[in-house]
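As structure tokens, the structure follows; a few thoughts come after it.
As a basis for the values below, the full set of heavy atoms in this structure was taken, side chains included, without hydrogen atoms, waters or symmetry mates.
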Number of protein chains: 2
Amino acid sequence: MAHVASAEEKIRSFPERCHQAGLKVTQQRREIYALLAGSQAHPCPEEIYEQIRDALPSLSLATVYKIVDQFHRHGLLRKVPTRSQVARYDARTEEHHHLVCTTCDGIEDVMLPPLPPRLTRLPDDIDFHAQSYELVFHGVCSACRATQRAQG
Amino acid sequence: MAHVASAEEKIRSFPERCHQAGLKVTQQRREIYALLAGSQAHPCPEEIYEQIRDALPSLSLATVYKIVDQFHRHGLLRKVPTRSQVARYDARTEEHHHLVCTTCDGIEDVMLPPLPPRLTRLPDDIDFHAQSYELVFHGVCSACRATQRAQG
DNA sequence: TTAGATGCAAATCTTTTGCAGTGCG
DNA sequence: CGCACTGCAAAAGATTTGCATCTAA
């Protein structure tokens, strides 16, 4: 499965990407990165913390916040723009887009063919240097629609 | 200027849109809606509160939260997806996109020609009912680039 | 008249900070 | 060995809730 192979590659190249960024490779960082690289769920810091506690009981939530923030600032993680007040992280840094469920706040990745540059070029009267863009879809995910049907 | 005229129309039709939504028209709601309709700044609840206090000193911050949430749930406001933990609101409900400054967290609106439906159609293997989408650009705004140049 | 709205204060939830101790390089 | 990293606890920031009072319809 393409996704799993890609996650393994990311985990394998993680130490050298830390070195390039001037970050030390600690167990906390390895665990957090591996969790995110292997997940489709775009977890928030609290969820990351809960899921890694089993493997690393000494982990603290403040450390999770510090690590994901560092990773984000060094380009190892993306932060997904959402309408909710909790931060959501994604280890896929290549171009892709997001589906956000308005019912459960779940986030899914979606690959789309690249948009032609002329369609994402900003108007001449806008003085803004865009470094990246993404599409954010809002709607209802499969699981929530099933629940809605079951409950009438 | 097209924007101003549009804001006036929105403010004029505000009472009937409240009635349709089953909401009473109060002074707090009028002030909050008028502020947002006349603003380009996508303010957060705290900023809305500060700016309306002058005209309505009895206003409470909790009320601002309740009102913008109601407006959002009834489609009178959009909530802009961002990477930060504070909610940002927009009275423009027609299709448009957002420029988010990674330096100052400022948000600007941008109109782009509509994307051809074939480019935003989700792949067949994705079971998600999208109701809307928007483009979110991340980059650096004009004011922050000027500051950066001045400071070296 | 009355259901819904507001204001206040307290509670809750999320994120950040300061600092002492630890461990990677 | 030294500097960056971690964990803890406390602080700060954002949002929600409960309830008494008020007000638009």
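- A 4.5 Å side-chain heavy-atom check between L35(B) and Y89(B) finds every atom pair outside the cut-off.
- To the nearest angstrom, C1' of dT6(D) lies 14 Å from CD1 of I52(A).
- Residues D90(B) and K79(B) are not in side-chain contact: their nearest non-hydrogen atoms beyond the backbone lie 4.5 Å or more apart.
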Would you be so kind as to tabulate the donor-acceptor pairs closer than 3.5 Å made by side chains of residues 27-34 of chain A, with sequence neighbours excluded?
from	atom 1	to	atom 2	distance (Å)
R29(A)	NH1	K24(A)	O	2.9
Y33(A)	OH	R17(A)	NH2	2.4

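- Scanning DNA chain C 5' to 3' for nucleotides with an atom closer than 4.0 angstrom to a non-hydrogen atom of chain B gives a first and last hit of dA3(C) to dT15(C).
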Practice problem: Under the side-chain contact (heavy atoms from CB on, under 4.5 Å) rule, what do T102(B) and R83(B) come out as? Steps first, then yes or no, please. | Solution: CA-CA 9 Å; T102(B) 51; R83(B) 292 169 173 165; 4.1 Å; yes

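- Applying the salt bridge (Lys or Arg N to Asp or Glu O under 4.0 Å) test to D105(B) and every residue at least two apart in sequence or in another chain returns nothing.
- For the pair L99(A)/H138(A), no side-chain contact is recorded, criterion being any heavy-atom separation below 4.5 Å from C-beta on.
- In this entry the distance linking CD of E31(A) with C1' of dG7(D) reads 16 Å, nearest Å.
- A heavy-atom distance below 4.5 Å is found between the side chains of Q70(B) and L23(B).
- Rounded to an integer number of Å, the gap from E47(B) CD to dG13(D) P is 15 Å.
- The side chain to side chain donor-acceptor pair (under 3.5 Å) pairs that include a residue from residues 118-127 of chain B are S142(A)-D127(B), R145(A)-D127(B), where partners are two or more places apart or lie in different chains.
- Within the 4.5 Å cutoff, the side chain of L115(A) has heavy atoms near those of the L115(B) side chain.
- Not one N or O on the side chain of T82(A) forms a donor-acceptor pair closer than 3.5 Å with the backbone of P81(B).
- Taking side-chain N and O atoms only, S60(A) has no distance below 4.0 Å to OP1 or OP2 of dT6(D).
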Exercise. Heavy atoms under 4.0 Å is the rule here; annotate nucleotides 15-25 of chain D 5' to 3' with B where the base is hit, S where only the sugar-phosphate is, and - elsewhere.
Key: BBBB-----BS

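- Axis angle between the ends of the helix from dT1(C)-dA25(D) to dG25(C)-dC1(D), five pairs each and rounded to 10 degrees, works out to 50°.
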